[in-house]
Amino acid sequence: MLDPHFIRENPERVRTAIRQKNSGSVELVDRVLELDESYRACLTELQQNQSDANTVSASIGELMRAGKQEAAGEAKSRAAELKVNIKEKHAEAKTISGELNALLLEIPNIPHDSVPEGKGADDNQVVFETNDKPAFEFEPVPHWDLLDKHNLVDFDRGSKVTGAGFPFYLGQGARLQRALVAFFLDLAVKEGGYQEIQPPYVVNSGSATGTGQLPDKEDQMYELARDDLFLIPTAEVPITNFFRDEIIDEDDLPVKFCAYTPCFRREAGSYGKDVRGLNRIHQFDKVELVQFVHPDLSYEALEGLRADAERALDRLKLPYRRLLMCTGEMGFTQAKKYDLEVWSAGQKKWLEVSSISNYEAYQARRMKIRYRPKGAVKPTILHTLNGSGLALPRIVAALLENNQQDDRTIRIPEVLVPYTGFDVIG
RNA sequence: GGAGAGGUGGGUGAGUGGCUGAAACCACUGGUUUGCUAAACCAGCGUACUCUCAACAGGGUACCGAGGGUUCGAAUCCCUCCCUCUCCGCCA
């Protein structure tokens, strides 16, 4: 969330952000300002009463010890009056702050100045594109045909056992998954300087709120209602919450974590053309990169994170492009976001395989993640970033489609062979 | 799942109703001393919110796992929940 002080002092900036992100109504800001003011007024009164009550209480102790029972009795009744008032004000303050907090969670992050304005996908800027789309002397087929031909994935049995979008990976298909995960993790650890961790795959509601899945996006998560827990839609959730409510030494920044996890997404409301094959499934594997950084360095870190994700694509020799997302296409927690899309020769389209974002202080403020600047200054909210490095299914799709040969066998990229143990599928 | 014990500041740990935002020690920061290092000594050292203030700074409130309750007054008593540990059961 945004700093309430910031909203108080820059309401117009916040209204602009709401319009740009097309998320929520600008009246939110006015209600927040109203509530903020009445909250503080209420608080002032409450605290004054508490202060008086404390003084009276202290005097009672003294009077009792001095044996002045009568005076003590009078003071007690005085304190009782104050108490009633305190209780009222306390309840009032709590109500107001509850409402205020709920609203604050619905105000989106402010886009960075370098983010292009725009409403839809057409306004995203392609800021980089490799020029190595593969050429074919035959008509390349979509990956689902290849999966089928080589028996790499079994969608039907996945549907029987669980439901649509929960495929089984078989044989070389399963092996390829494991190879990619290991390759991505090794790359992140050895060349990116990330520390590998294994987070829980299930989180509580506090964590889901911290990263911004709650409120409002619960429809995208699988919920374990009995235990009030959620299956993670991305490793971002448990990893970023790692430091929730903590203060980190400045010397320990930046902290860079990488992790492999399965991701679970309900994908409510998405049907049709984009869901074919591995394009969009409910459970998928992903290696995620997360960074906790000094606020002054977060945009540098964003480019670094982006380069880390692109390195994996380069090594796999996958053609890709980088999109700078416009204001309207960003999530409401993000300040700046790149998407990386790989070219899939069979479908002849770009597939999103990574989303790399700087959240600035937005998530960290929700989670109270701070660092202590050197030189006795107060703890300060740090900045969080994350990006996929990378998401598997579409990488697999592109890999199969781009590397298919006229006999329908599939070449495995050189860097992956030590991991797969085979250099061709089929 | 059953029984018991416990959760105090960055750490260890004292504290069973008012003088405790919290002893002591360690860590940390600054200073003195020192040829250097070490040691010793002195001082400082929680967080959030809020009010006054241009600022420096100062005042107030809250916080001893979380939330309620009792009381004029709670780290301290009561209730609920969460977590940790020990034993038993179950189990990869």
Peer 1: Mind calculating the distance between CD1 (A:I247) and P (B:G46) to the nearest angstrom?
Peer 2: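 The answer, rounded to whole Å, is 12 Å.
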
Peer 1: May I ask you to say what A:K94 touches in the nucleic acid, namely base, sugar-phosphate or nothing, with a heavy-atom cut-off under 4.0 Å?
Peer 2: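 Sugar-phosphate contact only.
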
Peer 1: Counting only side-chain heavy atoms from C-beta out, which of B:G69, B:U50, B:A48 sits nearest to A:Q47?
Peer 2: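 So the side chain of A:Q47 is nearest to B:U50.
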
Peer 1: In whole angstrom, give the distance that lies between atom CG of A:D36 and atom P of B:C51.
Peer 2: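 It is 9 Å, rounded to the nearest whole Å.
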
Peer 1: Under a 3.5 Å limit for both distances, which nucleotide forms a Watson-Crick or G-U wobble pair with B:C90, could you say?
Peer 2: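 In the structure as shown, B:C90 has no Watson-Crick or wobble partner.
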
Peer 1: Hey, does A:L43 reach any base, or is it just sugar-phosphate, or nothing, if we go heavy atoms under 4.0 Å?
Peer 2: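 Sugar-phosphate, no base atom in range.
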
Peer 1: Is the phosphate of B:A48, meaning OP1 or OP2, less than 4.0 Å from a side-chain N or O of A:H5?
Peer 2: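 For A:H5, the contact criterion (side-chain N or O under 4.0 Å from OP1 or OP2 of B:A48) is not met.
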
Peer 1: Does any nucleotide pair with B:C49 by Watson-Crick or G-U wobble geometry, both distances under 3.5 Å, and what is it?
Peer 2: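 Base partner found: B:G60.
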
Peer 1: Expressed as a whole number of angstroms, how long is the span from A:R365:CZ to B:A48:P?
Peer 2: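 Going from A:R365 (CZ) to B:A48 (P), I get 12 Å.
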
Peer 1: For this output row, return yes or no: ring centroids of A:Y299 and A:H112 closer than 6.0 angstrom.
Peer 2: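 Yes, the ring of A:Y299 comes within the 6.0 Å limit of the ring of A:H112, centre to centre.
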
Peer 1: So which nucleotide does B:G18 pair with, by the Watson-Crick or G-U wobble rule with both distances under 3.5 Å?
Peer 2: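 Partner of B:G18: B:C72.
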
Peer 1: Can you work out whether A:Q50 or A:A79 has the more 5'-proximal nearest nucleotide on RNA chain B?
Peer 2: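 Counting from the 5' end, the first nearest nucleotide belongs to A:Q50.
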
Peer 1: Could you tell me whether the phosphate oxygens of B:C49, OP1 or OP2, come under 4.0 Å of any side-chain nitrogen or oxygen in A:R40?
Peer 2: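 Checking A:R40 against B:C49: no side-chain N or O falls below 4.0 Å of OP1 or OP2.
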
Peer 1: Please state how far atom OH in A:Y371 lies from atom P in B:U47, giving the value in whole angstrom units.
Peer 2: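 Interatomic distance, OH of A:Y371 to P of B:U47: 14 Å.
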
Peer 1: Pick the P atom in B:G2 and in B:C90, then give their distance to the nearest Å.
Peer 2: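 Taking atom P in both B:G2 and B:C90, they lie 15 Å apart.
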
Peer 1: Do A:K256 and A:Y194 form a cation-pi contact, if we require the NZ or CZ to be under 6.0 Å from the six-membered ring centre and within 45 degrees of the ring's axis?
Peer 2: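 So A:K256 does make the cation-pi contact.
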
Peer 1: Given that both distances must come in under 3.5 Å, which nucleotide forms a Watson-Crick or G-U wobble pair with B:G30?
Peer 2: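 Here B:G30 is engaged in a pair, and the nucleotide opposite it is B:C42.
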
Peer 1: Round to a whole Å and report the spacing from CG of A:L82 to P of B:U61.
Peer 2: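 A:L82 atom CG is separated from B:U61 atom P by 13 Å.
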
Peer 1: Using Watson-Crick or G-U wobble geometry with both distances under 3.5 Å, which nucleotide pairs with B:A23?
Peer 2: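 By the stated definition (distances under 3.5 Å), nothing pairs with B:A23.
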
Peer 1: Take atom P in B:G65 and the same atom in B:U84, then report the distance between them in whole Å.
Peer 2: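 One P to the other, the span is 16 Å.
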
Peer 1: For A:K76 and A:T55, find the nucleotide of RNA chain B closest to each by heavy atoms; which residue's nucleotide sits nearer the 5' end?
Peer 2: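 On the 5' side of the pair lies A:T55.
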
Peer 1: Taking salt bridge (Lys or Arg N to Asp or Glu O under 4.0 Å) as the definition, give me every residue that meets it alongside A:E37, ordered by chain and number, with sequence neighbours left out.
Peer 2: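 A:E37 satisfies salt bridge (Lys or Arg N to Asp or Glu O under 4.0 Å) with no residue once adjacent residues are dropped.
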
Peer 1: Taking the P atom in each of B:C28 and B:G11, what is the distance between them to the nearest angstrom?
Peer 2: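 The answer is 15 Å between these two P atoms.
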
Peer 1: Between A:D3 and A:R8, is there a side-chain N and carboxylate O pair less than 4.0 Å apart?
Peer 2: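 Salt bridge flag = no for A:R8 with A:D3.
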
Peer 1: When the C1' atoms of B:G68 and B:A14 are considered, how many whole Å apart are they?
Peer 2: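 Per the computed distance, 28 Å lies between those C1' atoms.
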
Peer 1: Does OP1 or OP2 of B:U61 have a side-chain N or O of A:S51 closer than 4.0 Å?
Peer 2: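 It does, given that an N or O in the side chain of A:S51 lies less than 4.0 Å from OP1 or OP2 of B:U61.
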
Peer 1: Check whether any side-chain N or O of A:N54 sits under 4.0 Å from OP1 or OP2 of B:A62, and answer yes or no.
Peer 2: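 Checking B:A62 against A:N54, a side-chain N or O does come within under 4.0 Å of OP1 or OP2.
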
Peer 1: Classify the angle between the aromatic ring planes of A:F243 and A:F257 as parallel (below 30°), tilted (30 to 60°) or perpendicular (above 60°).
Peer 2: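 Taking A:F257 first and then A:F243, their aromatic rings lie parallel (interplane angle under 30°).
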
Peer 1: Are any non-hydrogen side-chain atoms of A:Y338 and A:E303 less than 4.5 angstrom apart?
Peer 2: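 They are in contact (side-chain heavy atoms under 4.5 Å apart), so the answer is yes.
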
Peer 1: Classify A:R8 by what it touches in the nucleic acid, base, sugar-phosphate, or nothing, heavy-atom distance under 4.0 Å.
Peer 2: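 Sugar-phosphate contact only.
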
Peer 1: Take atom CG of A:D227 and atom P of B:C82, then tell me their distance rounded to the nearest Å.
Peer 2: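 Computing the A:D227:CG to B:C82:P distance gives 11 Å.
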
Peer 1: Any side-chain N or O of A:R370 less than 4.0 Å from the OP1 or OP2 oxygen of B:A48?
Peer 2: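 For B:A48, OP1/OP2 do have a side-chain N/O of A:R370 under 4.0 Å.
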
Peer 1: For the P atoms, the ones on B:U16 and on B:A55, what distance do you get once it is rounded to whole angstrom?
Peer 2: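 Comparing P positions in B:U16 and B:A55 gives a spacing of 44 Å.
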
Peer 1: Please measure how far the P atom in B:C79 lies from the corresponding atom in B:U70, and state the result in whole Å.
Peer 2: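 One P to the other, the span is 15 Å.
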
Peer 1: How far, in whole Å, is B:G46 from B:A27 if one measures between their C1' atoms?
Peer 2: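 To the nearest whole Å, 14 Å.
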
Peer 1: Any non-hydrogen side-chain atom of A:L180 less than 4.5 Å from a side-chain atom of A:L316?
Peer 2: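 Sidechains of A:L316 and A:L180: in contact.
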
Peer 1: Which nucleotide sits closest to the side chain of A:K83: B:U50, B:G73, B:G69?
Peer 2: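 Among the listed nucleotides, the one closest to the side chain of A:K83 is B:G73.
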
Peer 1: Name the pairing partner of B:G67, where a pair is Watson-Crick or G-U wobble with both distances under 3.5 Å, or state none.
Peer 2: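 B:C79 is the nucleotide pairing with B:G67.
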
Peer 1: Roughly, in whole Å, what's the span from CG in A:L46 to P in B:G60?
Peer 2: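 To the nearest whole Å, that distance equals 16 Å.
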
Peer 1: Pairing check on B:C85: which nucleotide meets the Watson-Crick or G-U wobble criteria with it, both distances under 3.5 Å?
Peer 2: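 Check on B:C85: paired to B:G4, both distances under 3.5 Å.
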
Peer 1: Only one of A:E414, A:E310, A:E191 clears side chain to side chain donor-acceptor pair (under 3.5 Å) with A:R315; which?
Peer 2: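 The option that passes is A:E191.
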
Peer 1: How far, in whole Å, is B:G21 from B:G60 if one measures between their P atoms?
Peer 2: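 Roughly 12 Å separates the two P atoms.
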
Peer 1: Return the pairing partner of B:U37 with a 3.5 Å limit on both distances, Watson-Crick or G-U wobble; otherwise return none.
Peer 2: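 Looking at the geometry, B:U37 pairs with no nucleotide.
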
Peer 1: Tell me: NE2 of A:H90 to C1' of B:C63, nearest whole Å?
Peer 2: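 For the pair A:H90 NE2 and B:C63 C1', the rounded distance is 12 Å.
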
